[in-house]
Chemist: 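Sharing a structure here in structure tokens format.
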Amino acid sequence: MTRTLTIDAKDMVGQSITVQGWVNSRRDHGGLIFIDLRDHAGILQLTVDANSNEFKEAESLRDEYVIKATGTVTERAEDLKNPNLATGSVELDVTDLVILNKSEPLPISIDESQQTNEERRLEYRYLDLRREKMQRMLKRRAEYYTYLRIYMESHDFIEITTPILANSSPEGARDFLVPSRVHPGTFYALPQAPQQFKQLLMVGGIPRYYQIATCFRDEDPRADRLYGDFYQLDLEMSFVDDGETVRREMEPLIQNLVTDFGQLKLSTEDIPRIPYAEAMDRFGTDKPDLRFGMELVDLTEELANCGFGVFTGAINADGVVKAICVSKQFSRSEIDKLTEHAKGGGAGGMPYMTVENGKAISSIAKFFSEEHLQVIVEKTGAKDGDTILFGSDQRERVNKVLGSLRSKLGDDLGLKDPNTVALAWIVDFPFYEKDEKTGRIDFGHNPFSMPKGGLDALESEDKLAIVADQYDMVMNGYEICSGAVRNYNPEVMYRAFGVLGYDQQYVESRFGALLNAFKFGAPPHAGCAFGLDRIFMVLTNEDNIREVVAFPKNGSGVDLMMHSPSTVDSNQLTELSIQVDTET
RNA sequence: GGGCUCGUGGUGUAGCUGGCCUAACAUGCCUCCCUGUCACGGAGGAGAUCGCCGGUUCGAAUCCGGUCGGGCCCGCCA
């Protein structure tokens, strides 16, 4: 028999029902007590009369007591109905009242009107989850998973779970290690992603694999990045040797999630493909928010001979001058704030000009000829009342600073429509990248991707010009997916590492299992993984990823409720052959 | 590891250009009154040495230094 919920009462006038739930509030009128009973479905008003046997019991009720009430559903008089309540046309005339459990006064408020700080909420997450918003979130999240599974299954992907106790992988984020008891001195690692396993599944003859996979990374969190464990929709397809096939296969899912599941608007019908280099050039980032323009304009060529030493100095040092045009005039203090922001990103300062009557006006204008000022206005497309913000330095830094300013201004000026979602595929990531600090070349993203052009491409003169068949999906400025055509050819794998100066033995020691498998007829394969928490965050218009997870850790990786991480019994350590230096 | 920022009864805030702060307001909590409320109402009450340590000062929630904790960002995140 199913339990009767508060919400059911509205259709059960005249019947006797039993409901169970929490006391949301109690209004004691002396001779008549109203109780708002709350369960996950809503709120129902109970009434207990002074003549009732249950009156004493009702008087003793306090907020959040768990009770069971039996009574008759009664239609309220017309002027006593509460239109703000789904069950507001009825009430339960209580004949039997049982306190199932008492509750101390709550340390945090469940009432949505009073927002408790996050630290307290995480400490008492089980109470926080009683809030309507969190109840809704958890339910939506379950529906979200179902939505994903239906799509994947209907596209012939089969779900396969891969081990949680896996191996440390040398590239990438820091691992969570798990000591082995049976083999003292050795460790499992929790997988940062099922990357190697899913590729091994391809070798194992699985045509299409997917998994809602738990991933573990020991890196400092952000507002859009959880600490510790998080979820990916991980997938891989065999006999696919181009990224476009994967992108076409998966993009309807994301589009449907936006329009159907999320009831939001897509900014474009088709999802644009933007090469990495172009994204960096136009937006200063590989995860641009495309809900608004304000693109970066390169003025390096035009201003190479201008009289402003800051610009020419940067250009002569192989740097660039770029600008963004903002449709707003800023006050002195606003400019100061923006300059502060730019400096935070590593800029030396933030030159700017305002445009009046088609002319650029600025304290630095005197350093420029009329022609140069004219070119600046024309190339940035600045109109009267606009402000042009400049960055001049090495290309990477200018992109970072202006890209960050662009995003901040997008927020400040309300250009990021919360009801619109802009999607983009960023493609053609560099296969190798130069480490700014060491000057050494290393893998741009990961060594599993196939360089476009294969073995031949790796022999090309300019190693930094080699692109990987690798792609990210970007959603409103968040990276929500990363994928690639995999390097399934041992020869290409050895050579890719060889370019970096690593010999065969090194590669085998790091990726032995994968490499071995590739020697036995690995099919071409490609895939990707979507960050599920982050996508859900965007779909529900949250700007903190902890809001969409039941039990998140805080910014220092601490579970404030369970108090993990924690020390363990010394016997456990002994069994694991582990000594802990408790100093530090 | 670094930068910015916050820390005041159970909860959320105000005060923070030093003294009128013996710390205010809202909410919650306790007692009493109330038979139609729905954020019920009314009367009364308890509850904070202002994160912690130190300094400046006649005097510190307020200024300074340090420290601990939270948040955001940079680094990091194949």
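Every chain is numbered from 1, with letters handed out A, B, ... down the list of sequences.
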Chemist: For the rings on A:Y276 and A:F429, is their centre-to-centre separation under 6.0 Å?
Modeler: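 Ring-ring flag for A:Y276/A:F429: true, centres closer than 6.0 Å.
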Chemist: Ignoring hydrogens and angles, are the base of B:rC76 and the side chain of A:R217 linked by a donor-acceptor pair under 3.5 Å?
Modeler: no
Chemist: For this output row, return yes or no: ring centroids of A:F216 and A:F230 closer than 6.0 angstrom.
Modeler: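 No, too far apart.
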Chemist: Is it the case that B:rC38 (base atoms only) and A:R26 (side chain only) share a donor and an acceptor within less than 3.5 Å, ignoring hydrogens and angles?
Modeler: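 In this structure, the two groups form no donor-acceptor pair.
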Chemist: Tell me whether the ring of A:H29 lies stacked over the B:rU37 base, given a 5.5 Å limit on centroids and a 30° limit on the plane angle.
Modeler: no
Chemist: Counting only distance, no hydrogens or angles, is the base of B:rG75 paired donor-acceptor with the side chain of A:R222 under 3.5 Å?
Modeler: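 Counting by modelled atom types and ignoring angles, a donor-acceptor contact under 3.5 Å is found here.
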Chemist: Looking only at the side chain of A:D63 (C-beta and beyond, no hydrogens), which of the listed nucleotides B:rC72, B:rC29, B:rG36 gets closest?
Modeler: B:rC29
Chemist: Do NZ/NE/NH1/NH2 and the carboxylate oxygens of A:E75 and A:K10 come within less than 4.0 Å?
Modeler: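 No salt bridge links A:E75 with A:K10.
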Chemist: Does A:R121 get its side chain close enough to the base of B:rU11, under 3.5 Å, for a donor-acceptor pair?
Modeler: no
Chemist: Name the closest nucleotide to the A:L80 side chain, picking from B:rG70, B:rG36, B:rC76.
Modeler: B:rG36
Chemist: With both distances under 3.5 angstrom, what nucleotide forms a Watson-Crick or G-U wobble pair with B:rG47?
Modeler: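 Base-paired to nothing in any strand shown.
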Chemist: Suppose we call a contact any N or O donor and acceptor under 3.5 Å apart; does that hold for the side chain of A:D220 and the base of B:rG75?
Modeler: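 Pair found.
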Chemist: In this structure, how many angstroms lie between the C1' atom of B:rC30 and the CD atom of A:E59, rounded?
Modeler: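 Whole-Å distance recorded here is 15 Å.
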Chemist: What about A:E119: does its side chain form a donor-acceptor pair under 3.5 Å with the base of B:rG7?
Modeler: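 Donor-acceptor pair under 3.5 Å: no.
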Chemist: Can you tell me the pairing partner of B:rC38 across any strand shown, Watson-Crick or G-U wobble, with both distances under 3.5 angstrom?
Modeler: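 WC or wobble partner does not exist here.
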Chemist: Of the options A:R125, A:K133, A:R136, A:R534, which is the one that meets A:E547 in a salt bridge (Lys or Arg N to Asp or Glu O under 4.0 Å)?
Modeler: A:K133
Chemist: Taking OH from A:Y227 and C1' from B:rG71, how many angstroms apart are they, rounded to a whole number?
Modeler: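 The answer, rounded to whole Å, is 18 Å.
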